[in-house]
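Reviewing the structure listed below.
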Amino acid sequence: MATIKLEIVSPDKVVYAADIEMLIVRSTDGELGILPRHAPLVTGLVPHAMRVKIDGGERLVAVGGGFMEVQPEKISVLASVAELPEDIDETRAKKSMERARKRIDEYKSGDTDINLMRAEASLKRAAARLTALGKDLD
Ligand code: ATP
């Protein structure tokens, strides 16, 4: 099967690099599926669990946002934060989600929009991590 190179880089390291069959991401313009020989593209990414199709299976990678550059032979993801499931601390992500939900409730009853946006972004990062761990979100 045809493959395309994928490299996911966070500010401090290369999080993941492999020859893959397909990458499914949530971009700022919606969901995108990238196959080998895709047309060149640059887009923003929102916090979510990216789906990497490789060796006939699927691997999830949590990303907190960033950019993706696609060339026909290579996909480069420059992420603000990115983690493989084996590196995600589930308890921490659950606590972060609870904290963010509580703040969102508080901020909705009067505080500034900036705090609300920060709490919502934190909630989305926690949701991306729990989704990458295969957890159902409630
Ligand atoms: P928290 O509220 O738990 O601090 P956060 O979403 O605010 O989470 P980030 O700012 O996205 O955290 O990340 C800060 C650093 O901590 C990054 O290096 C990120 O990879 C790491 N990190 C955050 N949450 C987790 C987690 N649940 N498991 C593993 N690493 C995490």
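Any value given below was found using the heavy atoms of this structure, including those in side chains, with hydrogens, waters and symmetry copies removed. Whatever order the structure lists them in is the order used to number ligands and atoms, beginning at 1.
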Pick out the protein N or O atoms lying less than 3.5 Å from any N or O of ligand 1, and list each pair with its distance.
unit_1	atom_1	unit_2	atom_2	d
ligand 1	2 (O)	Ser96	OG	2.8
ligand 1	2 (O)	Arg99	NH2	2.7
ligand 1	3 (O)	Arg92	NE	2.8
ligand 1	4 (O)	Arg92	NH2	3.0
ligand 1	6 (O)	Arg125	NE	2.7
ligand 1	6 (O)	Arg125	NH2	3.4
ligand 1	6 (O)	Arg129	NH1	2.9
ligand 1	7 (O)	Arg125	NH2	3.2
ligand 1	11 (O)	Arg125	NE	3.0
ligand 1	11 (O)	Arg129	NH2	3.0
ligand 1	16 (O)	Arg92	NH2	3.1
ligand 1	20 (O)	Glu83	OE2	2.5
ligand 1	24 (N)	Arg92	NE	3.3
ligand 1	24 (N)	Arg129	NE	3.4
ligand 1	24 (N)	Arg129	NH1	3.3
ligand 1	27 (N)	Asp89	O	3.0
ligand 1	28 (N)	Asp89	N	2.8

*Flag yes if Ile34 and Val77 sit in one hydrophobic cluster, no otherwise; membership is Ile, Leu, Val, Met, Phe, Trp, Tyr, and two members link when side-chain heavy atoms are under 4.5 Å apart.*
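Same cluster: Ile34 reaches Val77 through Ile, Leu, Val, Met, Phe, Trp or Tyr contacts under 4.5 Å.
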
*asked:* With side chain to side chain contact (heavy atoms under 4.5 Å, CB included) as the test, pick out the partner of Ile75 among Leu6, Leu41, Val52.
replied: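 Result: among Leu6, Leu41, Val52, Leu6 is the only option passing the side chain to side chain contact (heavy atoms under 4.5 Å, CB included) with Ile75.
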
_Check this for me, if you would: do Lys124 and Glu120 make a salt bridge, where the nitrogen-to-carboxylate-oxygen distance has to be below 4.0 angstrom?_
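Salt bridge absent between Lys124 and Glu120.
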
*Which is it for Leu123 and Arg103 under the side-chain contact (heavy atoms from CB on, under 4.5 Å) test, yes or no, and what are the steps along the way?*
CA-CA 10 Å; Leu123 178 63; Arg103 284 191 189 130; over 6 Å; no

_So, using side-chain contact (heavy atoms from CB on, under 4.5 Å) as the criterion, who are the partners of Lys53 when residues are at least two apart?_
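Scan of Lys53 (side-chain contact (heavy atoms from CB on, under 4.5 Å), adjacent residues dropped) gives Glu21, Met22, Ile24, Arg51, Glu58.
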
*To the nearest 0.5 Å, what is the distance between CE (Met50) and OG (Ser27)?*
12.5 Å

